[in-house]
Amino acid sequence: MTESSANKPANGEVCHRPKNGIKPGRNGFVKNHHHYHHQQPKHCYPEDKAQHTSYNGGLGLYNRPFNESFEETPLLVAVLTYMGYGILTIFGYLRDFLRDWKIERCHIAREREEQRDFVPLYQDFENFYTRNLYMRIRDSWNRPICSVPGAKVDLVERVSHDYNWTFDYTGRVVGGVINMGSYNYLGFAENTGYCAEAAAEVTMKYGVGVASTRQEMGNLDRHEEMEALVAKFLGVESAIAFGMGFATNSMNIPALSGKGCLILSDELNHASLVLGARLSGSTIRVFKHNNMQSLEKMLRDAIVHGQPRTHRPWKKILILVEGIYSMEGSIVRLPEVIALKKRFGAYLYLDEAHSIGALGPAGRGVVDYFGLDPRDVDVMMGTFTKSFGAAGGYIGGRRELIDYLRVHSHSAVYATSMSPPVVEQIITSMKCIMGEDGTTLGRERVKRLAENTVYFRRKMTEMGFIIYGNSDSPVVPMMLYLPAKIGAFGREMLKRNIGVVVVGFPATPIIESRARFCISAAHTKDMLDTALCVISEVGDLLQVKYSRHRRLPSLDRAFDHSIYDEIQD
């Protein structure tokens with residue numbers, strides 16, 4: 001990802017590297033770019049009565065500003081990062097040598113002596129990273145919480161006396177930690193309020209488990225109501241729900257694509273999409289992230305050349321993209337993707353795990369965000385695990401598609417039905433977003449999330465941090481780069497009562513380690529200001545303010561509402 005696709009010609013044209021320190025983006029444009037095109041008529045959902053017409057391509061694809069930023073890694077920081085990993089690798093081999101000679105104790109799983117002639121169960125070399133790098137900062141992950149994952153959480157304190165190989169619990173609870181890591185975008189992960197009361201009531205009536213599949217004795221009236229509501233919310237003909245978000249992708253893509261089909265997948269797609277594509281047996285080709293030139297070239301080549309060796313036409317071409325990419329914070333260029341899929345006669349599979357509920361004026365995801373027609377997306381997939389505070393996933397689309405999946409999807413046929421209280425949580429939270437609960441609470445949460453996102457991203461940029469992604473994305477990656485700063489940043493933030501997620505290799509490229517903040521509608525301005533002050537303090541302590549952009553004078557003052565109002569004016 002450090003070497004941008006724009007630095008490598010995607011369509012045969014010569015690409016020149018800019019001299020102003022801003023590198024071209026993955027979509028062929030400058031890394032810090034801003035798009036605004038002619039107004040496009042918004043498409044309506046079933047409950048909307050306004051007339052609408054279909055709109056096609058050209059320069060008028062976008063009806064709102066599209067601003068994404070991916071600042072280039074400073075050369076010195078990149079060199080130091082590689083040096084850091086090189087030193088860790090050298091010491092790792094030294095420690096492995098000491099372990100082989102029984103000088104240092106090895107805690108990792110190893111083959112038993114009596115099985116030395118067996119085929120190895122554990123790949124020793126593949127665990128090199130786990131033994132010598134991951135264990136150093138293992139305490140930064142899997143921290144157990146003992147409360148609702150709301151705006152604030154309570155953590156179970158744990159300590160390690162053997163350098164993170166094992167952990168002991170002290171019995172103490174660290175309370176009131178500001179939660180900047182959960183995907184609770186709209187704040188519905190609550191144990192009080194209308195949603196929690198409705199789920200409790202359903203639990204008393206239906207129980208917790210169904211103990212059967214949908215096709216046998218596990219199809220409840222609440223399941224039917226939920227799927228009808230999801231279809232109405234998305235603006236599609238029908239929808240089907242599954243008990244697990246990961247399985248929604250991995251088990252349904254093989255039902256939609258197979259041998260003789262071509263899958264074009266974004267290089268940053270989630271592991272569930274990658275696994276589903278591999279299980280399908282289809283031919284897979286990967287295009288550069290959000291790079292429409294790369295996607296267009298692959299589509300054109302697929303039409304012209306057909307299948308390898310035989311050159312027969314592909315049975316089906318399926319494009320896999322996400323709404324919001326959770327590690328980059330970027331938003332898919334959906335208007336351009338739809339224009340290309342129409343032009344070349346392909347199908348579009350859209351994963352809205354992070355965007356549904358979190359984008360768009362009505363919270364209906366990236367399709368609503370761009371004002372597009374839901375019928376232009378062939379397969380609309382999403383999860384209930386984030387904005388709805390529940391569990392599971394869904395697929396929406398034409399009625400024929402959903403009827404086909406009910407019969408051919410492994411996840412629909414063999415998996416146990418969704419738990420009734422989870423279903424009720426989905427129904428009540430979705431009705432709240434749609435306003436069908438008789439209140440405006442849902443719309444207010446969607447609006448508050450958008451405001452919090454803009455506010456937090458603006459402050460982070462002004463403070464001098466390198467942050468990735470779209471200006472409207474509630475996922476905010478902050479670049480750390482150096483391996484030693486991954487664990488240090490998480491620990492120092494927790495000492496100051498801020499819970500964050502730090503991410504490193506292999507979840508990211510080896511020199512693009514980062515901290516990832518997830519903004520929620522449940523966060524108040526005071527919480528965000530507190531978090532920003534702590535981030536600034538820890539950033540100065542660890543020297544992670546790499547951005548070349550000048551800090552604004554207002555940042556030298558306290559974070560308060562008056563400053564935000566001044567910037568807005």
Passes salt bridge (Lys or Arg N to Asp or Glu O under 4.0 Å), Glu444 versus Lys447? Steps please.
CA-CA 5 Å; Glu444 290 172 0; Lys447 181 180 178 182; over 6 Å; no
CZ/Arg398: more than 12 non-hydrogen atoms of other groups inside 6.0 Å:
no
Over 12 foreign heavy atoms within 6.0 Å of OH, Tyr194:
no
Report yes or no: do [X] and [Y] form a side-chain donor-acceptor pair below 3.5 Å?
{"X": "Thr439", "Y": "Asp437", "answer": "yes"}
{"X": "Glu227", "Y": "Tyr394", "answer": "no"}
{"X": "Asn184", "Y": "Asn179", "answer": "no"}
{"X": "Tyr455", "Y": "Asp529", "answer": "yes"}

Hey, mind stepping through Glu68 and Arg333 against salt bridge (Lys or Arg N to Asp or Glu O under 4.0 Å) and telling me if it holds?
CA-CA 11 Å; Glu68 289 194 351; Arg333 293 180 165 275; 5.7 Å; no
Go through Tyr325 and Asn290 one step at a time and tell me if the side-chain hydrogen bond (donor to acceptor under 3.5 Å, both in side chains) criterion holds.
CA-CA 10 Å; Tyr325 293 84; Asn290 249 356; 5.2 Å; no
Side chain to side chain donor-acceptor pair (under 3.5 Å) involving Ser387 - partner list, sequence neighbours excluded:
none
So, the side chain of Arg457 versus the backbone of Asn470: is there a donor-acceptor pair under 3.5 Å, distance only?
yes
Using only atom types and a distance under 3.5 Å, with no angle test, would you say the side chain of Ser257 pairs donor to acceptor with the backbone of Ile253?
no
Can a salt bridge be assigned to the pair Glu328 and Arg514 using a cut-off of 4.0 Å between side-chain N and carboxylate O?
yes
Please lay out, stage by stage, how Leu229 and Lys431 fare under the test side-chain contact (heavy atoms from CB on, under 4.5 Å).
CA-CA 8 Å; Leu229 186 65; Lys431 284 184 176 180; 3.8 Å; yes
I would like to know whether Lys341 and Asp378 meet salt bridge (Lys or Arg N to Asp or Glu O under 4.0 Å); could you show each step before the answer?
CA-CA 10 Å; Lys341 79 105 179 177; Asp378 301 289; 3.0 Å; yes
